[in-house]
Amino acid sequence: MKEKEKFIKRKAVPASLSFIMVASILSACSGGAAPGTDKGAAGAVKDEKPTEISIFTEFSTPEPPAADNPVTKEFEKRTNTKLNITWASPNAWEEKQNVMLASGDLPDLMKIKDMKQTQAITMIKQGAFWDLTPYLKDYKNLAAYPKEIMDSVKVDGKQFILPSVRPLHGSSFFNIRQDWLDNVGLKMPQTMDEFYIAMKAFVEKDPDKNGKADTYGYNGKNWEKVIDIFNNSNGKWKDVSGKLVDTDLEQGTRDGLIYLNKMYKDKILPEDFTIMKTTDYENMAKAGKVGVQMDTTEGVYRATEGAQKLDPKADFVAMTFLQSPAGKMVHTGSGFAGLYLIPKKVPEAKMKKILALMDYGASEEGFELACYGLKDIHFKVVDGFKTATEQAIKESVSQSSFGKIFERYDPYLWAYRVGMPKAMFERNKKIVDERGKYGVPDVSIGLLSDIDLKLGPDFKKKMDDMKVKVMMGKEPIESWDAMVKSYKADANYMKMIDEFNKAYQDKKSIK
């Protein structure tokens, strides 16, 4: 964990990029003092008592920010609030979220992982959280979030959810060691066959030139996305001629499982890849043990910088697309990295102050404070470049801590990370632009099925268990065929598909 965010070492970052264009991540970070003299940034009169706000969120820095973190204090000062933030590690976030939801003991502002958190969606439908629809128009920065993203997280046509907004392109996909490709004499893979050849070479041809057979092709993180490539889908559901098709019942999933099983037999994957933690996958990449991993276009820089300590030429490059018989594709992002909810038990006046806090965090200066902290303390401008200080590392000031709460929409957010050289930033922007040509969206975001809420987790668990067994050779592919046949004969499962299709058509009619 201690090495998790060494990516914010003192490397040069173009400060001028902070002011170039709204489309740039750094344009969201050109801050200054809080506006106004009589009121704070969130519109609170200065002599009012600070509003106490409890927040549950996640972090990806080595350690969470301390309660007395200067960035927290500065947010409190600028917004006249008192923040009590509970930070969950990426390994424990979902589990802690589920415990909170089950207990009903909720903070004033709670972050859930995605729209598939059935307990949260059920509680939304039962009226446990504020409908923010009538209020968001009064907060200019939140109101500026893209309509496509906001619509995707509506429940029953209403805005209960405030997304931790992210770009649509540049999200998690395969990243590959370009220097290893060079070492084994291969070009950037485009097809799944070429991809396999490269990963196998990373196992067998000593790509790091250390004379040892100690490397893997792929660490296995988000292995489900391999199956997506064979289905040309972004997850379980796919639009075919305007109708939702369950890809788990399709040939592509079968082909993907055979592909993954072959990878496992050829030792391209670690033996325990299905039970590894999020940090385990990344640590493998940092340690120079793997040639392919899964991360956002900018997030992979953590692994690159870690691996460069062992090999200065180490360079993970985000892949633009992969092609199977189903076509070329890359996953389009959901447009969010987690979702915020405000429980209905929070009084209306306080709910509005929470929205004002989040609106300030979505402003240019609020986002700068979240991502970079305080000028001359957490970052300096040297020779026209922004430079993170050791204090920023020490105090966990980063996009991966406070940037998990306060977010400003920017199409190139996933192209840039603190410490990244300008040349890499420019390369990533081109990759982000190119991915727009091949992006496949998740068509199921925001869709609900009553049967799925009740039985979906059990259906999914049984399918996932069988997928793992087939991948690891504990069951033959015929066992998967038998499971597919049984689900096609299951009245509840088929009704679930019908319910998702009805929700899909209803959603399209609302637009």
Note to self: Would Asn183 and Asp179 count as a side chain to side chain donor-acceptor pair (under 3.5 Å) here? Give the steps.
What the structure shows: CA-CA 6 Å; Asn183 288 345; Asp179 57 309; 4.9 Å; no

Ignoring hydrogens, what is the shortest heavy-atom contact between [X] and [Y]? Give both atom names and the distance.
X: Asp410; Y: Tyr412; value: OD1-N, 2.7 Å
X: Gln293; Y: Glu282; value: OE1-CA, 4.4 Å
X: Gly288; Y: Thr215; value: O-CG2, 4.0 Å
X: Gly335; Y: Ile149; value: O-CG2, 3.3 Å
X: Val203; Y: Gly217; value: CG2-N, 3.5 Å
X: Val165; Y: Leu413; value: O-CD2, 4.4 Å

Notebook entry, point to check: What do the steps show when you test Glu365 against Tyr360 for side chain to side chain donor-acceptor pair (under 3.5 Å), and what is the final call?
Noted result: CA-CA 8 Å; Glu365 69 177 38; Tyr360 176 66; 2.9 Å; yes

Are the side chain of [X] and the backbone N or O of [Y] linked by a donor-acceptor pair below 3.5 Å?
X: Asn175; Y: Met294; value: no
X: Lys111; Y: Ala337; value: yes
X: Thr389; Y: Ile377; value: yes
X: Asn283; Y: Thr279; value: yes

For the residue pair [X] and [Y], would you count it as a cation-pi contact if the rule is NZ or CZ under 6.0 angstrom from the ring centre and within 45 degrees of the ring axis?
X: Arg177; Y: Phe316; value: yes
X: Lys267; Y: Tyr264; value: no
X: Lys96; Y: Phe56; value: no

Notebook entry, point to check: Counting only heavy atoms not in Glu224, do more than 12 sit closer than 6.0 Å to its CD atom?
Noted result: yes

Note to self: Please determine whether the number of non-hydrogen atoms from other residues, nucleotides or ligands lying under 6.0 Å from atom NZ of Lys205 exceeds 12.
What the structure shows: no

Item checked: Criterion ring-ring contact (aromatic ring centres under 6.0 Å, His included) on Phe230 and Tyr259, from CA distance to verdict -> CA-CA 10 Å; Phe230 284 94; Tyr259 187 94; 5.2 Å; yes

Next item on the list: Compute whether any side-chain donor of one residue and acceptor of the other, for Glu298 and Thr296, lie under 3.5 angstrom apart.
Entry: yes

Next item on the list: Using the side-chain hydrogen bond (donor to acceptor under 3.5 Å, both in side chains) rule, pick out the option among Gln178, Gln308, Arg427 that qualifies with Asp315.
Entry: Arg427

Next item on the list: Sort out for me which residue in Tyr216, Trp180, Tyr218, Tyr196 forms a ring-ring contact (aromatic ring centres under 6.0 Å, His included) with Phe202.
Entry: Trp180

Checklist line | Worked check of side chain to side chain donor-acceptor pair (under 3.5 Å) between Glu395 and Gln391 | finding: CA-CA 6 Å; Glu395 296 182 335; Gln391 194 70 11; 2.8 Å; yes

Item checked: side chain to side chain donor-acceptor pair (under 3.5 Å) between Glu94 and Gln117, worked out -> CA-CA 9 Å; Glu94 193 167 7; Gln117 304 302 311; 3.2 Å; yes

